[in-house]
Amino acid sequence: MIDPRPEVIARRLAPVRRILAFSSAKGGVGKSVCSVLSALALRRAGRRVGLLDLDFQGASAHLLLGAELRFPEEQGGIRPLRARESVDFMSFAAFSRESAVPLRGGEVSEALLEMLAVTIWEPLDFLLLDMPPGIGDELLDVLRLLPSAEFVVVATPSALALQVVERLLALLEELRLPVRGLIENMARSGADGCVETETAGRGVAAAARRHRLPLLGSVPYLPEIEELLASPDPLRGALGQPFRGIARGLIGHGLEGVV
Amino acid sequence: MHEWALAEAVIATVERFRRENGGRPVLSVDLRFGELQNVDLEAFRAGLASGLGGLPYGPEIFRFLSEPAAFRCRACGRLWPLAEAPGIGEEEREAIHFLPESAHAYLRCPSCGSPDFELAAGRGVSIQSVELEGD
């Protein structure tokens, strides 16, 4: 028995110039917030952007993107939904709605394969993957099925989070995969936004230095984050500057002059 | 129709198989369609006809076989067919058609109510066999 789906994945993603997997081995560090706000910032920088929510069991990017959950249109395949600021968007939640989705590993892989095989992306400069936490099926499937994917690693200054994130970085280094940088989320520091917290040498910036990676941006801890995300323009105010910088950093890495 | 995307995947896979086997002519292809995905066979055949343009074989060499869907509960071991899945409405069927793993959002074991079940058979489209000239 031959599964025909893997054969067309490269063709489906041919209109996509770069695939960026927003990853972190640790949960709760803000991968979805960072991927969605990076998508919006890249759109405002004039780039064509799609976002694929691969956190099947905890899909939430649609909430942040203000995307109405409905069945995608069929036209030669299924067409991504159009979300806030014309970000093309696809999620398991388009099919499961707000139901819980109890999946085991093999089922996760089947679903990912199906979505990659039948989703017809328009030409994009960036397809951002909102990855689930962990170093499990989704990450391994991305490595297997999307060999051109680049990684953006999200961390918080928490020592616990950083320790787990460093394991992911070590794995990505071992596999010689391209990591475009780290994003520090929920930074507790002050004016310059990237002061290391706790003991010197243990913060996200220090981790970036240790791994010889750029710190793409430092997003401050904001108690009012929920209100900002629900506002018509989440990039206005305290979230704007860091994500504009993150977008510049991502664009600057290999896509100069391409719109 | 998203059947066209599936048909395109089948053609691409058969073509790779043909290339890897010295470009020998393709005599027949057996496709298996799982009941769960509920593929529209006419739409799929139209997708094949469109995608095969310019290739030295046509949709007539493709045989369609159906495979009933069966689920197995990991908690109590119950094996049950799709016809016994309660509470499946039109919306849910449509979701499962697009993405068969959506079944895990909507189905439960009819015996014990567990959401922990596997799809034992009849998921989606697969290629059962490809016969090339000289096989």
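Proteins come first, then strands; the chains are lettered A, B, ... in the order of their sequence lines, and each starts at number 1. This one's a predicted model, so the numbers in the text were calculated from it and none came from an experiment.
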Closest non-hydrogen contact found for B/Ala9 with A/Pro4 is CB-O, 3.4 Å
Determine whether more than 12 heavy atoms belonging to other residues, nucleotides or ligands lie under 6.0 Å from atom CD of B/Gln128.
yes
Using a 4.5 Å heavy-atom cutoff, which residues in residues 21-36 of chain B come close to chain A?
B/Arg32
Taking all non-hydrogen atoms of both residues, which atom of B/Leu99 and which atom of A/Met115 are closest, and how far apart?
CD1-CG, 4.0 Å
Before giving the answer on side-chain contact (heavy atoms from CB on, under 4.5 Å), spell out for B/Asp116 and A/Arg104 the whole-Å C-alpha distance, their side-chain angles and the decisive distance to 0.1 Å.
CA-CA 8 Å; B/Asp116 187 8; A/Arg104 286 181 182 263; 2.6 Å; yes
Can you check whether B/Glu8 reaches A/Arg11 side chain to side chain, under 4.5 Å on heavy atoms?
yes
Neighbour count >12 (heavy atoms, 6.0 Å) for atom CZ, B/Arg63:
no
Looking only at heavy atoms, the pair that brings B/Tyr106 and A/Ser99 closest together is CE2-OG, 3.8 Å
My understanding is that only residues two or more places apart in sequence, or in another chain, count here; which of them pass salt bridge (charged side-chain N to carboxylate O under 4.0 Å, His left out) with B/Arg93?
none
Using a 6.0 Å cut-off, check whether atom CD of A/Glu227 has over 12 heavy atoms from anything other than its own residue.
yes
Starting at CH2 of B/Trp4, measure out to CD1 of A/Ile120 and round the result to the nearest 0.5 Å.
12.0 Å
So, do B/Glu101 and A/Val101 sit near enough that their side-chain heavy atoms are less than 4.5 Å apart?
no
Quick one, B/Glu15 and A/Glu7 - any side-chain contact, counting heavy atoms below 4.5 Å?
no
Between A/Arg12 and B/Ala5 (side chain of the first, backbone of the second, donor and acceptor by atom type, cut-off under 3.5 Å), is there such a pair?
yes
Just how far is it from atom CZ of A/Arg5 to atom OG of B/Ser126, taken to the nearest 0.5 Å?
9.0 Å
Pick one of side chain, backbone, both or neither for A/Arg97, based on which atoms fall under 4.5 Å of a heavy atom in chain B.
both
Take B/Arg123 and A/Glu114 through the salt bridge (charged side-chain N to carboxylate O under 4.0 Å, His left out) test and state the conclusion after the steps.
CA-CA 11 Å; B/Arg123 182 197 175 279; A/Glu114 190 79 21; 3.1 Å; yes
From the list B/Ala95, B/Pro115, B/Gly124, the residue making the most non-hydrogen contacts under 4.5 Å with chain A is B/Ala95
Tell me, for A/Ala117 versus chain B, whether the close heavy atoms (under 4.5 Å) come from the side chain, the backbone, both or neither.
backbone
What part of A/Ile78 lies closer than 4.5 angstrom to a heavy atom of chain B: side chain, backbone, both or neither?
both
Using only non-hydrogen atoms and a strict under-4.5 angstrom cutoff, which residues of residues 67-77 of chain B touch chain A?
B/Arg74
In Å, rounded to the nearest 0.5 Å, how long is the span from CD1 of B/Ile127 to CG of A/Asp3?
8.5 Å
For B/His2 against A/Glu74, the heavy-atom pair lying closest together:
N-OE1, 2.7 Å
What do you reckon, is CD of B/Glu131 surrounded by more than 12 foreign heavy atoms closer than 6.0 Å?
yes
So does B/Glu90 have more than 12 non-hydrogen atoms from other groups sitting under 6.0 Å from CD?
no
Measure across B/Ala105 and A/Ser96 and return the closest heavy-atom pair with its distance rounded to 0.1 Å.
CB-CB, 3.9 Å
What residues, two or more places apart in sequence or in another chain, satisfy side chain to side chain donor-acceptor pair (under 3.5 Å) together with B/Glu133?
none
So do A/Phe95 and B/Glu94 actually touch side chain to side chain, heavy atoms under 4.5 Å?
no
